[in-house]
Amino acid sequence: MNRPLILLSSITYAMKARDLLWNMGFRAYIERVARNRDTGCGYAVYVPDNTDMAEQILDQEGFKILGRAPRGGYDI
Amino acid sequence: MIYLDNGATSYPKPRQVEQAVAQAFKYNGANPGRSGSEMAVRTGDAIYNCRKNAANFFRADGPECVVFQPSCTYALNTVIKGVLKPGDNVVVSDLEHNAVMRPLYKLRSQGVTITVARTFMGNNDLTLNSFRKAMAKRTKLVVCTHASNVFGIRLPVERIAALAHMYGAKICVDAAQSAGVLPIDIQDSSIDYLCVPGHKGLYGPMGTGLLILREGDVIDTLIEGGTGSRSRIHTQPEDPPERYESGTLNVPGIMGLNAGLNFVRGMGIQKIYSHEMSLISWLNSRLSNMPGISLYTGRHSAGFFVPVLALNIDGMPSERAGEFLARRDISVRCGLHCAPAAHEAMGTREGVIRVSPSVFSTRRDMEFLAESLNQLRTMR
């Protein structure tokens, strides 16, 4: 299943992640994640291509990644 | 009007600040960090841009180190009440504002001890030594003004920060009178918590302030509530800045503050400092030749002062002098300036007249003020 959303702890970190990924040549966009079974609503960075690599980069850069999700899903 | 009360809040504000506030009302009406609508994300971006700008301005590690607060006082309360616990000791200078002292007096009743370090105007070595003597094993935090809001005396906060760290304590700096006037590099100076008003030397709207964090260490929260993310979790998020920002942000204020930061950067801090110091130096020199006027800080040598001057007409309460000046449409600040500790230290318990110019103040303003004070002293 395609899971192009990288869930982050806040909108600030999502925007910081977006900026970092754009600077590294990724297409990355902010998306609101409506609901999450465990943590509730939050923000994600949507990376349509090479999401795995983007996640790996964010992880290496010290971002706290809360998980991955498909687009438009509820109760992920 | 001749406005020389910029130590309280700067006036006028630059046109771009007014425009940014108006733009916020028109185009950024959705709540940032609360939904995924186009306007909410756009507003979130505007907020984020201000975080990046402020982080860059004070050389913080990243936008996550910039916490929006309603005022410098609020930021100081966040740090003081977030860090100190019963049994801890805190060291402060003898020039602190009530924004520092009142929260500390409250904590004193809960078992926090306060040690006051004497400052020595124009002698940073003696001031530092005084702080050294004040440090104790239980000292958890040093809270120190960067520059006195009454006398303009600048403290060597970089050296005090190094000293605090030697003793395993953190330092919180009150930059109410220095932000936008003195360059502040939170990395080089090793300041742990920098508390900044948005509406004074940064020329933003009232109701704005910043807490700049050097490291991402987690302190206790002053308030808890909605942060727009992880809402199922009952506890406050751990990560700054949202941890300290519950509730809806002051979007028009923050966008105005962002424009204020750009204005200051465009003008150049050194240029602003030189301009304002030249005005204060001229006034200081002019008044020092007038019998019947008391000055308290000698010559304002660059590096040891910010552009704030305290004075009195001998034998006249400062408030009465202030009323006379107000009738001439000159706005200064009289009385105790919410800093009774500083007045105690400087021997001005009855208060002073404070003159604080901005980048918009002119030599003509100073000449008119000097002339008015000259008339006033002869009327005693």
Side-chain angles (χ1 to χ4, degrees), chain A residues 2-24 26-48 51 54-76, chain B residues 28 30-56 60-68 210-213 215-216 218 225-246 248-249 251 254:
Chain A
N2 188 20
R3 294 159 73 88
L5 296 181
I6 304 172
L7 308 176
L8 290 142
S9 59
S10 70
I11 189 169
T12 303
Y13 278 99
M15 286 179 167
K16 190 177 178 180
R18 175 199 58 189
D19 286 1
L20 177 81
L21 292 173
W22 270 106
N23 285 338
M24 299 184 84
F26 289 85
R27 286 189 297 143
Y29 310 90
I30 297 298
E31 285 212 3
R32 176 82 172 161
V33 180
R35 207 182 311 148
N36 175 301
R37 195 166 30 231
D38 299 324
T39 61
C41 45
Y43 283 86
V45 58
Y46 164 48
V47 185
T51 318
E55 183 184 2
Q56 201 179 340
I57 288 167
L58 293 179
D59 186 49
Q60 282 165 3
E61 290 291 325
F63 284 81
K64 204 181 286 175
I65 296 166
L66 303 181
R68 291 272 294 275
R71 288 187 85 199
Y74 284 81
D75 281 322
I76 44 185
Chain B
N28 298 93
N31 204 327
R34 298 294 189 273
S35 91
S37 72
E38 195 267 335
M39 185 159 66
V41 173
R42 187 171 67 229
T43 305
D45 262 322
I47 297 296
Y48 181 72
N49 285 339
C50 185
R51 282 195 213 282
K52 280 201 293 188
N53 202 5
N56 185 267
D61 223 18
E64 68 278 10
C65 299
V66 175
V67 181
F68 293 117
L210 297 168
L211 166 59
I212 313 288
L213 307 165
E215 290 175 346
V218 173
T227 58
S229 57
R230 312 198 76 187
S231 46
R232 273 199 211 281
I233 295 176
H234 292 176
T235 53
Q236 198 70 357
E238 293 259 306
D239 293 330
E242 282 83 1
R243 176 175 173 78
Y244 310 107
E245 288 181 349
S246 290
T248 297
L249 291 173
V251 172
I254 291 166

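If you're wondering where the values come from, they're calculated on a predicted model, not measured in any experiment. Per chain, numbering begins at 1; letters A, B, ... match sequence-line order.
The closest side-chain heavy-atom distance from B:R51 to B:F68 is below 4.5 Å.
With chain A as the partner, the residue from B:G33, B:P32, B:G36 showing the most heavy-atom pairs under 4.5 Å is B:G33. Listed options B:G228, B:A40, B:P63 were ranked by heavy-atom pairs under 4.5 angstrom with chain A; first place goes to B:G228. By number of non-hydrogen pairs under 4.5 angstrom with chain B, the leading residue of A:L8, A:D19, A:I30 is A:D19.
Listed for the A:E31 side chain is no donor-acceptor partner under 3.5 Å among the backbone atoms of A:Y43.
Every salt bridge (charged side-chain N to carboxylate O under 4.0 Å, His left out) that B:D45 has, sequence neighbours left out, goes to A:R18.
Of the atoms belonging to B:E64, heavy atoms from both backbone and side chain fall under 4.5 Å from chain A. In this structure, the portion of B:P241 lying under 4.5 Å from any heavy atom of chain A is its side chain and not its backbone. At a 4.5 Å heavy-atom cutoff, B:S37 makes no contact with chain A through either its backbone or its side chain.
How far OG1 of B:T43 is from CZ of B:R34: 12.0 Å, rounded to the nearest 0.5 Å.
Note on ring orientation: taking the six-membered ring where Trp is involved, the planes of A:Y29 and A:W22 are perpendicular (angle over 60°, cut-offs 30° and 60°).
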